[in-house]
Every structure is written in structure tokens, then in C-alpha cells.
Number of protein chains: 4
Amino acid sequence: MSLSGELVDDAQGPVSSATGRPLTKRGEATRRRLLEAAELVFAEQGYHEASIVKITERAGIGLGTFYLYFDSKQAIFEALVLDLNRRVRHSMSESMEGASSRLEAERAGFAGFFRFTAEHPALYRVVREAEFVSPEVLRLHYTRIVEGYEAGLRAAQAAGDVDRALDPQTTAWALMGMGELIGMRFLLWERDADGRPPSQLDPVVFAGMTRFIDNALAPRPGATHGEEQA
Amino acid sequence: MSLSGELVDDAQGPVSSATGRPLTKRGEATRRRLLEAAELVFAEQGYHEASIVKITERAGIGLGTFYLYFDSKQAIFEALVLDLNRRVRHSMSESMEGASSRLEAERAGFAGFFRFTAEHPALYRVVREAEFVSPEVLRLHYTRIVEGYEAGLRAAQAAGDVDRALDPQTTAWALMGMGELIGMRFLLWERDADGRPPSQLDPVVFAGMTRFIDNALAPRPGATHGEEQA
Amino acid sequence: MSLSGELVDDAQGPVSSATGRPLTKRGEATRRRLLEAAELVFAEQGYHEASIVKITERAGIGLGTFYLYFDSKQAIFEALVLDLNRRVRHSMSESMEGASSRLEAERAGFAGFFRFTAEHPALYRVVREAEFVSPEVLRLHYTRIVEGYEAGLRAAQAAGDVDRALDPQTTAWALMGMGELIGMRFLLWERDADGRPPSQLDPVVFAGMTRFIDNALAPRPGATHGEEQA
Amino acid sequence: MSLSGELVDDAQGPVSSATGRPLTKRGEATRRRLLEAAELVFAEQGYHEASIVKITERAGIGLGTFYLYFDSKQAIFEALVLDLNRRVRHSMSESMEGASSRLEAERAGFAGFFRFTAEHPALYRVVREAEFVSPEVLRLHYTRIVEGYEAGLRAAQAAGDVDRALDPQTTAWALMGMGELIGMRFLLWERDADGRPPSQLDPVVFAGMTRFIDNALAPRPGATHGEEQA
DNA sequence: AATGAATGAGTATTCATTCAT
DNA sequence: GATGAATGAATACTCATTCAT
């Protein structure tokens, strides 16, 4: 009911909301402009303050045109969350490429996450409001990111790079939570002398976080093999 | 603009919103009923779906009466967040009393946080929506909790119970984020076979989290004295 | 689904659409003004062209107030049809009082029907559009009137005043149809030299119709006893 | 204002709505498909719920193409009413052919009318809604049918087959009204055990109606020659 | 101290019609 | 001849807030 239509991730490319037909090149461009405008408007005003009129004005298209591409306000919101999710994960894996070690990769992933957060404050605000607008899509968002962490952790544990006594799922969610609140506090709330948001995390904070994560994940000499689990 | 009136925490007790006079005993009770109804309604429906009519009906009070106690919908929302914040911190310090060690206390604090979260899902939902409704009060909420963590961490570092290389502020926000997402994922999203939410954290998860925190905070043999800081 | 709420005919008096409570005297008056405005607006513009704003402006009350009394545009429409139905039947039975014979009463009933039609062209237009807006209420309208005719016919047949070979139900619907189209053609479509609608049926037409009905209903010498009936 | 363009009955065959030129054979077919689709859509949804998109989709034709054949939604509606009117009158005269007497013909005409009504419920719904969409075309519809009745009645009166005291015009409208309401009640509202509409009038009803008409029209021994008129 | 009738600004959504291709 | 993307005017309905009682 809540998810308008299915949650399929545009596997075969976007289609017209009215006719169900695949979009022409012109249509594709219009849809993209709507999504970009929506990102800005939702980020600035939040879901409820945002309005279709504001979005279409920002996109420079007619009001009615909106409904050729999205069924409803909720529908574009969900499409936007999924779109941002895809992009943040892309940003994270890009950062991780070429890392020399597991831990290095984990760190790089975080850096990618923070970079994206700083560049797209929308992601943050939009996702938090999703809790009430579209719980399913919110879960999808978190779960997809967490699954990436979790897979990395399991591999690192197998390789002996990460403490085997840690529960990978719990740990993955813990890392997700850390990233979220630290991004919120030190990127989104912070303002420099000119009142402008920082473009990257303060080095002290980043170092502190790295230390924290390194400590938490490092294999412990005493612990032999994950016997605490379950 | 956003904070209706000041954010003072009712230091001298609540006053009539209309006359500014302190409340009589009867008025006090009416105000309390409104806050309790608001907690339920906001938790179930979220800020925007909630309405003054729903709150007053739930409280068994006339619509007009509402404005004798609160200036606006936003005002009762802010009062509610502050109230919940006071109570969750109370729950945490209660849990920490009688802890034998610093680390023990930290763990107990987390347990108190999760207990409160499980018992008051309202806190969680209400706080997440506060981002858009009243950013100031949201910051106050997080900051107050984090300050507690941070003070504890500094003391523990001084006593040598916690790794001195960790930045206390960063670490405190990291812990807050962990608690928030783990509470969300494993308390609020989880459902047992009967579709009912769990009343406490799954032991595996709690153990995994404890291990994670213990690892992260434990003093490292190699590190001598916080020289990595800034 | 179509009938908003139930079709009960305000047996215990109208209630607030919002709270479900019975109306105060002031509320009662407001509701009456809305119904009167609705009769005019629906009659002039038809259901679809009519709008809540037009109705409330005509009634001289605020837009939002409308929804204190009716759940929707359809709801006031249905209430109006039922109200008009009650009144036309009242007008008909009033006309029939004191008729010296069965046939006389039947004729008087028709006269009452036409009088009401001439005074309330709304009835006619509103009812015809009801076919699409609220089929149930339309059926109720016709059925209630027809039942009156039918009961009269049965009694008259028993008394030997009406041809016993006639099927009372079919005959009742035939009479209803006659009345409707003759009212439409000779009252609602007709205009005098000044372009004004007539306030009563042209005597030629009324006489023609009376002759037609008298012929149709009069007991036939040849027919012995309603053996044609089902 | 209401009649889009003139009400001429396509006397010289349909023309392009855009160029005003007569249609090619291909164009003719497209126009016909549009009218057929319109009959279905208007009948199922009524005028206002119907939309050009629904009609063109049903016709398997591009949206823009519609305006090559009709100026507006109202224009196709009017064309449709006129088309149905032509066909119902055709159906009626077909039925009347070969009737042995005037009264027989009258009865056969009714049978034809009901047959058409049962087969084209569209006629009924579309016509009733026409009251608000296009009053002129509605009048044309009724008037054309009534004129047929009236002519027949005059001839029958001249031949002494019908009571000369009846006013032919009034009687014709009375018959029209009877047919309409009886068709509505016993064809369109009726459903058999399987919920399907009947394909013809119930014999009891038809017999009852025949008796009613026969009574009404039969020459009365007492009445000499229409002296009651005016 | 309490009430609830009245208000009207604000918003999502629909659809007939146009026009560039 | 045919198409369908784009348009924006129009409308039902909600709800925080006021105020007379």
C-alpha cells in the first residue's frame, strides 16, 4: 500500500507513469530534471513542506507534467531515496577500490560515505523523514548499505583481519549508526566562520573515528574463535 | 523562529499559555494528560498525521482547551521531546547507579537506553521527525545525551580505563549513533512470531555490541597518551 | 461505498459530520442554509459544475464549515435528494387529502406532483443527475414515490374503482414515467411570451393527461377478474 | 453556446473537424471506431468520468487523433446521442412494419424501443446525463421520438382506432415517459439470479403495460368527438 | 477553566486541449 | 493522417487556530 507500485529499482529503465510505456529520450531528460529538483526541494524543506508545485517550478516544467512521470508525491520521494541509495553505494565502492587491506577498504568506504553526505545533505534529511513517509523504502536503504558492510566484515574475519568474536550483522549496524550520527553532527550541523558547511570531516574527528573503528575491529590476541556467538 | 518561545526547560514549572500564570493543580493535571496523549498520537501517526483534534480527543479534553496549555502544535511537540529526553536520561543514570567500574557503567547506560527505547518507541519516531519540525530541540536532545557519554569517557580516560587516544567527543557521538541504529533495527523493526515487538534486545546482538564497545574503548597497550589528538 | 455513511433518513435528526454529535440550534440553522444553497446551485449548474465553494458562498458561510455538516459533495447531494423526496411526497399527500374518490385522489396527487415540480425545478434536474452520482439514492427516490401510487392502486382495485386486470406495480411505474416526462416537457421546457417558466400545467395538457389516465384505469366492463396477473 | 457548432445531423456525411473536408474511407473508419468506443465508455462511466484518453485507448487510437474528428468532448457526446437516436427510431419503425392495425403497430413500436434499450443501455444513461451536458441535443432526441408517436396517434384517431378525446401531443409524451421509466425499472435495474441484466421485458410487465396502453387509447363509446379539448 | 463552531489558506491531483514532430 | 508530451486551470478536502460563550 505504502510503496506506490512495486519497489523494483527501475530494472528495465523508467517508464511513463501514465501509459506505462518506456520513456523517449526527451521524457528521460524530463524525469531526470524532476528528480534533481526533488532532491533540492525535499532537502531544503522536508517532505511535508515540499510541494509538487515547488518541485515542478524548480525543474522548470508544467505542473501536470509531473504526473506523466510519477504517480504521486510519495512515488517521487521513493524513487529519490532509491536513487540516492544507489549513488551513495556507488560512491562507497569507488572509494574502496584499490585499498591495500581489508581495514583500509573499510576506512575508505567510510570516507566515501562522508564525502557523499557532505555533497548531498539531501540524503540525510530525506532518509530520516522516510521513516514516516515510506518505511519500506527506508529499510531498503539502510539494509542495502549494511549488507555491504556485513559482507566485508565476514570476509575480513575469515582472513583474520577482524576480531572473530564480533557478530558481523550487529557490527555492521553499529558502523552504519556511527557514520550516520557523526555525519549529522560534524558535517551537517557544523558551520565554519562564514556560516558555510564543511566540505569534509574535521581531521580530528576523522582520526578519532578511525581509532575507534580500528580498536573495535582489530583481532584480539586473547579471543580464539567467535565462541561468544549465539 | 522554530522554537516557539524559548527553549527553557520549564525550569520554574509550567505556566498557562494564555495568561502566563503558573498552573493550578487542576491545570497541571490537564497539561499532563495532553502530553501523554501527544506521546501516543505522535508515536502512532507521526507529527504531520497527528492533529490537535486527535490529541485532545485522546486526552478527553475540549479542542479549545489545548491552547490554554500550549501555543501551537509545534510547542507541544517540543515540550514532548524535552520531556522524553529528561526521562531517557533519567533511565540511563538509574541503570548506571551501582556499577562497579567505568566500563560496567557505560554498558549499564546502554542497557537503560535500550530499555527506554523498547518501552517508548515514541521517543524514537518523535525524535527522527523533529529534524524537520524543530531542529533546535533535536540538537538539544542529542547533545544532552551525548554530553553524558562524553563526561563519562573523559573521566574513564583519566582513570586509565579507556583508551586515551580516543577523542571523547567523537567517541560519544559514535556511541550515540550505534545505540540509535541498533535500537531501531533490533528493537523497533524486529517482530517475534506473533508479530509483537521484542521487549529487550536479542542477547546475541547485545553481546555483539558489548564486544564491539569493549574492543573500541579498552586501553591499548601500545598507545601511551592521547598524542594523536589534533 | 457510494452512499456516504448510511441512507437512514435522519431518523433522530441530523448530527455533526465531524463529531457525530447532534446539532445545536445554531448548527441546525447552518445545515439548513447549506441545503438550501445546495438546492439552488445543483439545480442551476448540475452536480459536476456545482462546487463546494459555490455552495458555501451562496450560503454565506466559510468553506471549512461545510465539512462540519457534510462529509463530502456527494453526501450533501444525497441528503438533498432525500430531502426533496420527502417534500414532494408531502406535497402529494397534502393534495390528496379530502379527495372524494379514489380516482379523484389519484388526480390530486398528480396535481401536487406537478405543483412541486414547477416550484422546485431542482428536484427534476438533481434527480436525473443522481443516476450517475448516487444510483442508490435515485432508486430510493423513485421507489418511494412509486410505492405510494402502487398502494393507492391496489386499494382502488379492491374497491372496484380501477381495472383489476392492471398490474399495480407496472401501472405505478407507468404513471411515474408519465408524470416525469410531462412535467419536463410542459413545465420545465415551456416558456411563456416573456421567457418565464409556467407556474402550472397548461389546462389542455392537464385535461389530456387526465383523460389518458382515466381511460387507462377505469374498470372495463368486459374484463371479469384480473386473471392476467402473473 | 452549448451545441458545439451546429446541430445539423451530418446531413452531408461527416467532415474532418480540423480541415472541414469530407473524410476519406480510412478517416471514416477511424471516426466510427471513436463513436463506438465513446458509446461504451460513456455508458459505463457516464459523461464526466469518461475521458478522452479512455475513449481513444478503447478505440486503439492516438490521443491527438481524436481532435481530427471531433472538436471537443461535448461534440462527440452530441454526435453519439444523435447517432443513438437515429438507431432507436430505426429499430422502432422496423418493429412496426407489417403490423396489422394501428394499435398493433403502437405495441410493436414499444417492443422495438425496449429491445433497443436492453441492447444499448448506453442510450439510457447517455440521454439522462445529456440534460446537463447538452440540453438542446436532449430535446432533439425526445422530440424526434415523440413526433413519431404523435403522428401515429393522429392517424389512428382519424381512423377511429384511438379515442378522439385524447390530446395527441400530451399522449405521445405520456407514452414516451412510460416507456422510459418502465425500461429503466424493469430492464436496467433488474438483475436475474446470476446478476445479469434481462435481455427483454418480463412478460407480466409487458402484458401489464399493454393493458394499460390499450385501455388508455381505446375509443370510448360515450365520447363522441374530442369536444373536451381546450 | 473549558468549550466547539467557524474559518480559509494550502495542497495533491485530474483532464481537456494544444502543438511540434 | 497520426501521435503523445506538455500544459495549467480548476476543485475537493484538511486542519491549525480564533473567539464568543
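This structure is a prediction, so every number in the text was calculated from the model and none was measured. Residue numbers begin at 1 in each chain, while the letters A, B, ... track the order of the sequences.
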Checklist line | From dA2(E), dG1(F), dT13(E), nucleotide with atom closest to Thr30(B) side chain | finding: dA2(E)

Margin query: Looking at every heavy atom in both Phe77(D) and Glu129(D), which two are closest together, and how far apart are they?
Written below: CZ-C, 4.5 Å

Next item on the list: Check the distance between dA5(F)'s P and Glu28(A)'s CD and give it to me in whole angstrom.
Entry: 13 Å

Checklist line | Where Phe132(A) and Arg128(B) come nearest, the two heavy atoms and their spacing | finding: CE1-CB, 4.4 Å

Next item on the list: Starting from C1' on dT18(F), measure out to CG on Asp71(B) and report it in whole angstrom.
Entry: 13 Å

Next item on the list: Could you check how far CZ of Phe70(D) sits from C1' of dA16(E), rounded to whole Å?
Entry: 16 Å

Item checked: OP1 or OP2 of dA2(F) under 4.0 Å from side-chain N/O of Arg26(D) -> yes

Next item on the list: With heavy atoms under 4.0 Å as the rule, sort Ala50(B) into base, sugar-phosphate or nothing.
Entry: sugar-phosphate

Next item on the list: Please examine the side chains of Leu35(B) and Tyr69(B), heavy atoms only from C-beta on, and report whether any two atoms are closer than 4.5 Å.
Entry: no

Check: Does dA6(E) have a Watson-Crick or wobble mate here (both distances under 3.5 Å), and if so which one?
Finding: dT17(F)

Note to self: In this structure, how many angstroms lie between the C1' atom of dA16(E) and the CZ atom of Phe77(D), rounded?
What the structure shows: 16 Å

Next item on the list: Give a yes or no on whether the backbone of Tyr47(A) and the side-chain of Lys73(A) come within a donor-acceptor separation of less than 3.5 Å.
Entry: yes

Margin query: Nearest whole Å is fine: how far is dA16(F) P from Ile52(B) CD1?
Written below: 5 Å

Next item on the list: Figure out the OH/C1' separation between Tyr67(A) and dT13(E), and round it to whole Å.
Entry: 5 Å

Notebook entry, point to check: Heavy atoms, side chains only, cut-off 4.5 Å: are Arg32(B) and Glu28(B) in contact?
Noted result: no

Checklist line | Residue Ser51(C), side-chain heavy atoms: nucleotide from dA5(F), dA12(F), dT18(F) that is nearest | finding: dA12(F)

Could you run down the sub-3.5 Å N/O contacts of the protein with nucleotides 7-10 of chain E?
from, atom 1, to, atom 2, distance (Å)
dT7(E), OP2, Gly62(C), N, 2.6
dT7(E), OP2, Thr65(C), OG1, 2.6
dG8(E), N7, Gly64(C), N, 3.0

Next item on the list: Look at Arg58(C) together with Glu44(C) and state whether they make a salt bridge at an N to O cut-off of under 4.0 Å.
Entry: yes

Check: Separation of Ile55(D) atom CD1 from dT3(F) atom C1', in whole Å?
Finding: 18 Å

Note to self: Given dT13(E), dT17(E), dA6(E), identify the nucleotide with an atom nearest to the side chain of Tyr69(C).
What the structure shows: dA6(E)

Next item on the list: Decide side-chain contact (heavy atoms from CB on, under 4.5 Å) for Leu140(B) and Leu82(B); before the verdict, give the C-alpha distance in whole Å, the side-chain angles of both, and the deciding distance to 0.1 Å.
Entry: CA-CA 8 Å; Leu140(B) 219 51; Leu82(B) 294 174; 3.9 Å; yes

Item checked: 5′-ward residue of the pair Val53(B)/Val53(C) relative to DNA chain F -> Val53(C)

Next item on the list: Can you tell me the distance, in whole Å, between the CD1 atom of Ile76(C) and the C1' atom of dC13(F)?
Entry: 14 Å

